[in-house]
Amino acid sequence: MNLPPQFIERTKPLLGEEWDAFENALTEETPISIRLNSMKYNQPLKNNERVGWCHTGYYLPKRPKFTFDPLFHAGCYYPQEASSMFVEQAFRQCMANKDGLKVLDLCAAPGGKSTLLMSLLSDNSLLVSNEVIRSRANILSENITKWGKANNIVTNNDPSEIGKLTSFFDLILVDAPCSGEGMFRKDETALSEWSEANVQLCKERQQRIVADIWNALKPGGMLIYSTCTYNADENEDNVLWFCENLGASPIELAIVESWNITGALKGNLPVYRFLPHKTKGEGFFLAVIQKNADEEPTGNLKTKNKSKDRKGKKTQLDGIYKDYILNSANYAFFQENDNWKAIPEQFAAEYEMVSSMLRVVSGGVQLGTLKGKDFIPAHSLAMSSEINKETFPSYELDWKTAIAYLRKETIVLDHSAPKGYVLVCYMNVPLGFVKNIGNRANNLYPQEWRIRTSNIPDISEDVILRQ
Ligand code: SAM
């Protein structure tokens, strides 16, 4: 690997005598890991090494072609770089035993850390996952939908717009856009795009992002700051900047020695670094800071309160369709044109308020679309762990037909299959809906999510969860 000379010049003094081991590790293979979605798949992978700091994280011996594993598309697991899963420790240690939380993942696409937070939060807590770039917000929404939890809202806003939600969140995760030095061995563009000027630009942008969102954090609330870069400018220096300029206090986490996590490479703040020659994962940095409990909120929380700005209106839904979801009494139903969605009742007010102030991409569970007398079930319902499976006949697909379904091809179910809307499954996990009309089944898989490659293997070697 040809490291930029200026990167070497800046990083060597930080690592001291560990430099050679570090440089060597950058030439090694990237460890591959996944995190299971225990709402959909709750058996441990007995033959795989576990990620020490994440109870659902596992290393894989080699990189499979996730595309050809139907359970990947069904949201049973998320391929995630292992070091990033350390967010679990920050959450558990800072938010343990707290319920009814409002959590923001500010820079959330494609959704690795949001899906991790979804697994950690109780149903009484709400996660707002935000992404400023619209196309990436759609990918985020897709991954959140596949994860299948209802207590979420996906937004597409600049941090300064969300910052207007004064003292709204108990916890904010800022997984900041950074110079990406920790991705050098995984991603060649991170290496080719690196420059000293970009490090400076990232550092200033990170300060702006955290300063812009600070007003939305409750007094006494926690902010997890993370990057995937090594330099101190974007890491230790920035944490110090947050403490000095925002009055934040750094929070110490308990660490297990065998994880080989490194502390500060500059100064002595409690920060947590993942270096590839010591920890099995990519380069990662994390720190937790707390807002002073006595800090007076600076902004006013004003909702626009115009119903036309709202994302649909809360209204009654016919009993039959309401029962598509389990525990329907705990949900509020919103109609947006002919589309219906279910939002956990306890967050209906938050949903309305967030919708009045921010651009909501998705939220809760999209139930379906009413077309005349027909209610077409939404893909989001099939992905939801709240789907009431009793209300739809289900039909098990073999691997080949599952891949054809995920390619949005028309599939044929056997004669015994019921007509109408059928939930198609693979290994008993829902993949989506078809409308079975007998000689064929119309495929309701979302067009934009379909597998696009036509280079399909004859057999499946990449179904990870079959053990
Ligand atoms: N947290 C994500 C995950 O675990 O899957 C990865 C987030 S990535 C490191 C940083 C994100 O910040 C990117 O999706 C990027 O589009 C977004 N971003 C870029 N500029 C931003 C800005 N000025 N404010 C907020 N987010 C920004």
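Each ligand, and each atom within it, is numbered from 1 in the order the structure gives. Heavy atoms only: backbone and side chains are in, while hydrogens, waters and symmetry mates are out. Along the sequence shown, residues carry numbers from 1. Computed from a predicted structure; not experimentally measured.
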Quiz item: Taking both backbone and side-chain atoms of Asp158, is any N or O found less than 3.5 Å from an N or O belonging to ligand 1?
Solution: no
Quiz item: Between Arg208 and ligand 1, which residue portion shows a heavy-atom distance shorter than 4.0 Å: side chain, backbone, both, or neither?
Solution: neither
Quiz item: What protein heavy atom is closest to atom 10 (C) of ligand 1, reported as residue, atom name and distance in Å?
Solution: Asp175 O, 3.5 Å
Quiz item: Does Glu28 CD have over 12 foreign heavy atoms under 6.0 Å away?
Solution: yes
Exercise. Name the option, out of Ala109, Gly112, Ala108, that contains the heavy atom nearest to atom 6 (C) of ligand 1.
Key: Ala109
Practice problem: Indicate yes or no: does Glu18 engage Lys278 in a salt bridge with an N to O separation below 4.0 Å. | Solution: yes
Practice problem: Look at atom CG of Asp99 and say whether more than 12 heavy atoms of other residues, nucleotides or ligands are closer to it than 6.0 Å. | Solution: yes
Quiz prompt | Full working for salt bridge (Lys or Arg N to Asp or Glu O under 4.0 Å) between Lys266 and Asp237 | solution = CA-CA 8 Å; Lys266 186 178 174 189; Asp237 289 354; 3.0 Å; yes
Quiz item: What do the steps show when you test Glu81 against Lys186 for salt bridge (Lys or Arg N to Asp or Glu O under 4.0 Å), and what is the final call?
Solution: CA-CA 10 Å; Glu81 186 287 300; Lys186 197 177 165 192; over 6 Å; no
Quiz item: Counting from 1, what ligand 1 atoms have a heavy atom of Arg205 closer than 4.0 Å?
Solution: 23 (N)
Quiz item: Against heavy atoms of Ile133, which atoms of ligand 1 measure under 4.0 Å?
Solution: 16 (O)
Practice problem: For Pro159, counting its heavy atoms only, list the atoms of ligand 1 lying under 4.0 Å from any of them. | Solution: 24 (N), 25 (C)
Self-check item: Part of Ile209 within contact of ligand 1 (heavy atoms, under 4.0 Å)
Solution: side chain
Quiz item: Could you walk me through whether Tyr78 and Lys113 pass the side chain to side chain donor-acceptor pair (under 3.5 Å) check?
Solution: CA-CA 10 Å; Tyr78 189 95; Lys113 296 180 190 69; over 6 Å; no
Exercise. Determine whether the side chain, the backbone, both or neither of Lys113 has a heavy atom under 4.0 Å from any heavy atom of ligand 1.
Key: both
Quiz item: Is the NZ or CZ atom of Lys218 both under 6.0 Å from the centre of the six-membered ring of Phe168 and within 45° of that ring's axis?
Solution: no
Quiz item: At what distance is the nearest protein heavy atom to atom 27 (C) of ligand 1, and which residue and atom is it?
Solution: Val132 CG1, 3.5 Å
Quiz item: Is Asp105 in polar range of ligand 1, meaning some N or O pair under 3.5 Å apart?
Solution: no
Self-check item: Pairwise distance CD1(Ile224) to CG(Asp105) - rounded to 0.5 angstrom
Solution: 9.0 Å
Quiz item: Backbone or side chain, does any N or O of Ala176 fall under 3.5 Å from an N or O of ligand 1?
Solution: no
Quiz item: How about Ser384 and Glu386: does a side-chain donor come under 3.5 Å of a side-chain acceptor?
Solution: no
Quiz item: Is the shortest heavy-atom distance from the side chain of Leu423 to the side chain of Ile387 under 4.5 Å?
Solution: yes
Quiz item: What protein heavy atom is closest to atom 11 (C) of ligand 1, reported as residue, atom name and distance in Å?
Solution: Cys107 CB, 3.7 Å
Self-check item: For Glu131, atoms of ligand 1 separated by under 4.0 Å from a heavy atom
Solution: 11 (C), 13 (C), 14 (O), 15 (C), 16 (O), 17 (C)
Practice problem: Specify the protein heavy atom at minimum distance from atom 20 (N) of ligand 1: its residue, its atom name, and the distance to 0.1 Å. | Solution: Pro177 CG, 3.7 Å
Quiz item: Does Ser84 come within less than 4.0 Å of ligand 1, judged by its heavy atoms?
Solution: no
